[in-house]
Amino acid sequence: MGRVRLSRFNIASLAFGLAFLYLPIVILVIYSFNGSRLVTVWGGWSTRWYAEFFNDQAMLAAAWMSFRVALASATAATVIGTLAAVALARGGHFRGRTLFSGMLYAPLVMPEVITGLSLLLLFVALNAERGFWTVTIAHTTLTMCFVAVVVQSRLGALDRSLEEAAMDLGCTPLRAFVAVTLPLIAPAIAAGWMLAFTLSLDDLVIASFTTGPGSATLPIRIYSEVRLGVKPEINAICTLIIAAVTLLIIVASLASKLSNARADSAAPM
Amino acid sequence: MFTRPARLASIAPLLWMLLFFLVPFGFVVKISLSQAAIAQPPYLPLFDLGAGWEALQAAFAALSLDNFKLLFADDLYWRSYLRSLAVAAAATALLLMIGYPIAYAMARLPRRWQALAMMLVIIPFWTSFLIRIYAWINILQHDGLLNQILLGLHLVSAPVVWLSTDSAMMLGLVYSYLPFMILPLYATLSKIPPSLLEAAQDLGASPRRAFWLVTWPLSLPGIGAGVLLCFIPIVGEFVIPDLLAGSDSMMIGQTLWLEFFTNKDWPVASALAVLLLALLLLPLLAYERLQRRQLEGGR
């Protein structure tokens, strides 16, 4: 609908939507630089709450735990999710495909309390020690679905004749995939990794179920603090997380744009 | 010729999802049929394959539907289910009313602005729920920004209680799920060719009539995706009602959380999860079909 002119109602909707989405976050960021101990009284610009965070050992330990889990689970989810995307986009109609795609898409909308509870019961039945590894496995299960969706939609838009040409020229299917397909979908894979990373960094519910004593993630710590009331230090931590996530999203979107551009320029062959 | 190796690629993800997605549901079902016990793990019976056939038979005999009977007998539980469904339906309706005009306006932007608008909608989508709810607590609390502004403008004479109310929860839900509604709507709306609208108008339809005759029906798949993408997770939502709503009535996610973490009654928590899943099965299947069609159809 690109050529239609915007009505006043359209402009008002857009302005309202963006203001609604961003105003609370902007206010949070501003308050994180508030020098006053009372969250609601403005006491001049200050970075003391950031200093407070960097001196809070428990919070730092939780941040480090979250970072390691996000790194490990995003990497595992990217490998497995990409394999799943390849199977779905290039595998044709194999047996068990419906079950496979069903299991793959369901965690996208499955209420987190169900996913978290069921994984915990599995870990208890397996007598696994709960902590870093159990949270990592849980987050991999959740985020690989997102990776699969991102990579699959990229693969679906890709011209298959490129792979076929490579194989006509004597490549084995694996070599054709590595030499032709993989470079074309690499930015989508990178975008998938970053989305998996941020999702893992953000998750509270599944981590609460699957972690053990002494290995709280950052959202778990933040949640227990928030339940006790608003603290300026939390504003500072949230601002740091928002900054990190925003940066990742911008990189991810640039990467996928690059991917689209490359695929488009390769298509006319 | 590419399909056989591609199928081999499904082995690892398939095994992973079987082990960490499907099998765990088996455990949920099994434990929903068990009884709570003061033990580690806190339920009985335990299935010990090494204990011999007789012990296994006894364990099977000890399974019962008592927890499910409890869910129907105690009105705390079915009230939570009803509340969850009602809250999710109301929030989804609100989301559609607010999200549609925004997505519609995005689709009418010039092409080069559309990518930017989409990115602006996506960024909050990937920012933690917890942080965004916390941002609202900052604003809505007793001496928060909203009350300060209202008092400053002399619109109210005493601070209004915003937190721990159903309106605060609705606000939090709409705020958190808005991108989930906008993105699928925008995806379908932006694909409608302008020529269709022009044709409708050339044939004498007013813009309003053209919208209801052309745009609205063509955007129905996006509405379906957006509604399911919001409704299903909101039914099981925990964080938002826990932090923003009052404590007098709970949604099912909160009840499950309470049974599990506070009461340590794992069997009842499992039974709640089984029933919640049963309740969501139809919308989940509908969503799965839409998702598959969107990713695989029409290319």
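Below, chain A is the first sequence line, B the second, and so on; all start at residue 1. Note that the coordinates shown come from a computational prediction; the quantities given were computed from them, not determined experimentally.
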Heavy-atom contact with chain A under 4.5 Å, split by part of [X]:
X	result
B:I232	both
B:L14	both
B:L130	side chain
B:Y287	side chain
B:F25	both
B:I98	side chain
B:Y175	both
B:W113	neither
B:Y43	side chain

At a heavy-atom distance under 4.5 Å, which candidate from [options] has the highest pair count against chain A?
options	value
B:L120, B:I234, B:L228, B:L256	B:L120
B:P101, B:A103, B:P283	B:P101
B:V28, B:V121, B:L229	B:V28

| task | Could you label the plane-to-plane angle of the A:F16 and A:F20 rings as parallel, tilted or perpendicular, counting under 30° as parallel and over 60° as perpendicular? | result | parallel
| According to the interplanar angle, ranging from 0 to 90°, do the rings of B:Y104 and B:F211 count as parallel (below 30°), tilted (30 to 60°) or perpendicular (above 60°)? | perpendicular
| What residues form a side-chain contact (heavy atoms from CB on, under 4.5 Å) with B:A117, not counting sequence neighbours? | B:M106, B:L109
| Residues of residues 268-275 of chain B near chain A, each having a heavy atom less than 4.5 Å away | B:A269, B:S270, B:A273
